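Taking it in order: structure first as structure tokens, then the write-up.
These figures come from a predicted structure and were not determined experimentally. A, B, ... follow the sequence lines: proteins, then strands. Residue 1 opens every chain.
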There are 2 protein chains.
Amino acid sequence: MPGPSAAVPDATVERLPLYHQVLADLAREGETTVSSVRLAELAGVNAAKVRKDLSFLGSYGTRGVGYDVEFLMLQVQRTLGLTGDARVVIVGFGNLGQALANYGGFGERGFPVTAIVDADPDKIGTQVPRSDANGESATERVVVEHVERLAEVVRDHKITVGVIATPQHAAQAAADALVAAGIQSILSFAPVVLDVPESVPWRKVDLATELQILSFYQARSGSLQHPA
Amino acid sequence: MPGPSAAVPDATVERLPLYHQVLADLAREGETTVSSVRLAELAGVNAAKVRKDLSFLGSYGTRGVGYDVEFLMLQVQRTLGLTGDARVVIVGFGNLGQALANYGGFGERGFPVTAIVDADPDKIGTQVPRSDANGESATERVVVEHVERLAEVVRDHKITVGVIATPQHAAQAAADALVAAGIQSILSFAPVVLDVPESVPWRKVDLATELQILSFYQARSGSLQHPA
DNA sequence: TAGTGTGAAACTTTTCACAGCT
DNA sequence: AGCTGTGAAAAGTTTCACACTA
């Protein structure tokens, strides 16, 4: 037997969350099956790519019919290792940290923000409403704690993901603290390359980078290709 | 002559903002030159890749020495089409919109948030401090306006970039309004594929997607490869 | 000598096109 | 008839390795 998770290419992995999102939308609308062509349309990619990508998860389609929406969504979840319970700590409660804490999107998509830490004593004790996949619960709150308590907080709440929302100069220290606390992966909003052990996967989201890339494509679409 | 902007590969374009950031850091520290090896180290990529990438901008290095930091930064800016004056409007003043509006990072990096619109009448008139590359100015404020005034706002403030921070269901309408208002490019935080004309480049940042991808790599680093 | 710029090789990703299943 | 799954071709990207030059 082919063994599903033998080796999923990186390019495919990066698209799986997109398919997952589209499948979730289809399921919400009551669709039970979907073809690669339709899925590709909704995801904004080529249909052959969808089929190739999905083939790395296993042979879960039915020829002449398509894919079962619910079942395929489960396979994507399994492949990505989504257990529905990956708790998040936000490090840094400045503008961005507060923004992310109030933004319910993490919780809605299975990554509840379970703790927040900051180095500034004035911020300790601030409360933020806690929201998870079931929406916002009026009673539950997250309280900002001191960054020195990070290891305890991570242990006590069984937190696996750290989000760095500190200023640039504090990002590496935040990463070190997260690693020391035994975190399993890191998402950073600081525009620097982090130095962390191989065993701790991390990603960087730089919002200004996204705008700069857009700037290039916008400039290019204006001057449609040079003459040779 | 080779003509600098003949055709920069997409993969290179996506890394240019990273190099730009590293160069800005070096300049701030007073470094005047940098080798591909050092630049690669700081950017977390391979040195040959740095050289190849930079060669698409032109031959701006000096053999035996390296690259001039300031000059190279200018070339990157020119290639990306960064004029230092690309004004932004945020559509949607919910949790995420407020977060982005208060987060000074856009302005600091040359994309000042110059206007904010929302469909909710209760939010119209709310003020947010305006921050640009020179920091926050106590006097200048951005006032939330009604989304129906979007076209005027875009015209009057010479805004070129739209940021969609609405709920998912309102994202396409926001995109339509931005296109109608003559916006030049769109950054969306809604997890849907937008339908906009070819001439309007757009990108999507889905924060949950980033966490889901991390989930995969974390799961993989645990179970280091299957036996055959 | 130290470090760029670049052909060519290696590898990855995308796309095509169609056999084969339901 | 319709749609998947996949080899094989094409396109794109990364890495190597070294001629070249300041």
Side-chain angles (χ1 to χ4, degrees), chain A residues 1-16 18-19 22-23 26 31-69 71-73 75-76 79 213 216-217 220 225, chain B residues 1-16 18-19 22-23 26 31-69 71-72 75-76 79 213 216-217 220:
Chain A
M1 46 178 160
S5 69
V8 183
D10 287 0
T12 295
V13 171
E14 305 249 325
R15 279 186 297 269
L16 289 180
L18 172 60
Y19 301 150
V22 170
L23 290 167
L26 286 168
E31 302 287 331
T32 59
T33 60
V34 65
S35 71
S36 60
V37 172
R38 178 109 184 83
L39 186 39
E41 225 168 69
L42 296 169
V45 304
N46 165 311
K49 191 185 276 182
V50 168
R51 290 201 297 279
K52 189 67 115 186
D53 281 341
L54 296 181
S55 77
F56 291 114
L57 316 194
S59 284
Y60 299 130
T62 307
R63 291 168 197 232
V65 179
Y67 303 87
D68 183 277
V69 171
F71 184 76
L72 187 55
M73 195 162 32
Q75 296 314 313
V76 174
T79 308
I213 294 172
F216 176 91
Y217 288 116
R220 176 149 86 187
Q225 248 69 341
Chain B
M1 48 177 162
S5 68
V8 183
D10 287 0
T12 295
V13 171
E14 304 250 325
R15 280 185 297 267
L16 289 180
L18 173 60
Y19 301 150
V22 169
L23 289 167
L26 286 168
E31 301 287 332
T32 59
T33 60
V34 65
S35 70
S36 61
V37 173
R38 179 107 183 83
L39 186 39
E41 224 169 71
L42 295 169
V45 304
N46 164 311
K49 190 184 278 182
V50 168
R51 290 201 297 279
K52 190 65 117 188
D53 282 341
L54 296 182
S55 77
F56 291 114
L57 316 194
S59 283
Y60 299 130
T62 307
R63 291 169 197 231
V65 178
Y67 303 86
D68 182 278
V69 171
F71 184 75
L72 187 57
Q75 297 313 314
V76 174
T79 307
I213 294 172
F216 176 90
Y217 288 117
R220 175 150 86 187

Residues in salt bridge (charged side-chain N to carboxylate O under 4.0 Å, His left out) contact with [X], at least two apart in sequence or another chain:
{"X": "B:Arg51", "value": "none"}
{"X": "B:Glu31", "value": "none"}
{"X": "B:Arg38", "value": "B:Glu41"}

Problem set entry | By side chain to side chain contact (heavy atoms under 4.5 Å, CB included) - contacts of A:Ala40 (at least two apart) |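 Testing A:Ala40 for side chain to side chain contact (heavy atoms under 4.5 Å, CB included), a comparison that skips the adjacent residues, returns A:Val45, A:Ala47, A:Val50.
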Exercise. Considering residues at least two apart in sequence or located in another chain, which fulfil the side chain to side chain donor-acceptor pair (under 3.5 Å) criterion with B:Tyr67?
Worked result: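 Testing B:Tyr67 for side chain to side chain donor-acceptor pair (under 3.5 Å), a comparison that skips the adjacent residues, returns none.
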Exercise. Can you name the residues that form a side chain to side chain donor-acceptor pair (under 3.5 Å) with A:Asn46, not counting sequence neighbours?
Worked result: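 Result, side chain to side chain donor-acceptor pair (under 3.5 Å) vs A:Asn46: none returned.
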Exercise. Which residue lies toward the 5' end of DNA chain C, A:Gly64 or A:Asp10, if each is placed at its nearest nucleotide?
Worked result: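 Per heavy-atom nearest nucleotide, the more 5' residue is A:Asp10.
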Exercise. Which comes earlier along DNA chain C counting from the 5' end, the contact point of A:Asp53 or that of B:Leu54, where each point is its nearest nucleotide?
Worked result: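 It is B:Leu54, whose closest nucleotide lies nearer the 5' terminus.
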Exercise. Whole-Å distance between C:dC21 P and A:Arg51 CZ?
Worked result: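 The distance from CZ of A:Arg51 to P of C:dC21 comes to 16 Å, rounded to the nearest Å.
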Exercise. If each of A:Val65 and A:Lys52 is mapped to the nucleotide of DNA chain D with the nearest heavy atom, which maps nearer the 5' terminus, i.e. the 5' end?
Worked result: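 So the residue in question is A:Val65.
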Exercise. Should B:Arg15 and B:Asp10 count as an ion pair when the cut-off is N to O under 4.0 Å?
Worked result: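 Answer for the salt bridge query: no.
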For this session: For A:Leu16 and A:Val76, work out which heavy atoms get closest and say how close.
Result: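 Between these two residues, the closest heavy atoms are O-CG1, 3.7 Å.
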For this session: Please report the shortest heavy-atom distance between B:Val34 and B:Leu39, naming the atom on each side.
Result: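 The pair with the smallest heavy-atom distance is CG2-N, 3.8 Å.
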For this session: Go through residues 33-49 of chain B and report each residue with a non-hydrogen atom lying under 4.0 Å from DNA chain D, sorted by number.
Result: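 Within this stretch, B:Asn46, B:Ala48, B:Lys49 sit under 4.0 Å of the strand.
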Problem set entry | Interface limits on DNA chain D, where chain A has a heavy atom under 4.0 Å of a nucleotide atom |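 Answer, 5' to 3': D:dG2 to D:dA8.
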Exercise. In terms of side-chain heavy atoms, does B:Asp53 have a donor or acceptor partner in B:Thr12 at a distance below 3.5 Å?
Worked result: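 Checked: B:Asp53/B:Thr12 side chains pair up, N/O donor to acceptor below 3.5 Å.
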For this session: To the nearest 10°, let me know how far the axis at one end of the helix from C:dT1-D:dA22 to C:dT22-D:dA1 is tilted from the axis at the other, five pairs an end.
Result: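 Rounded value for the end-axis angle: 10°.
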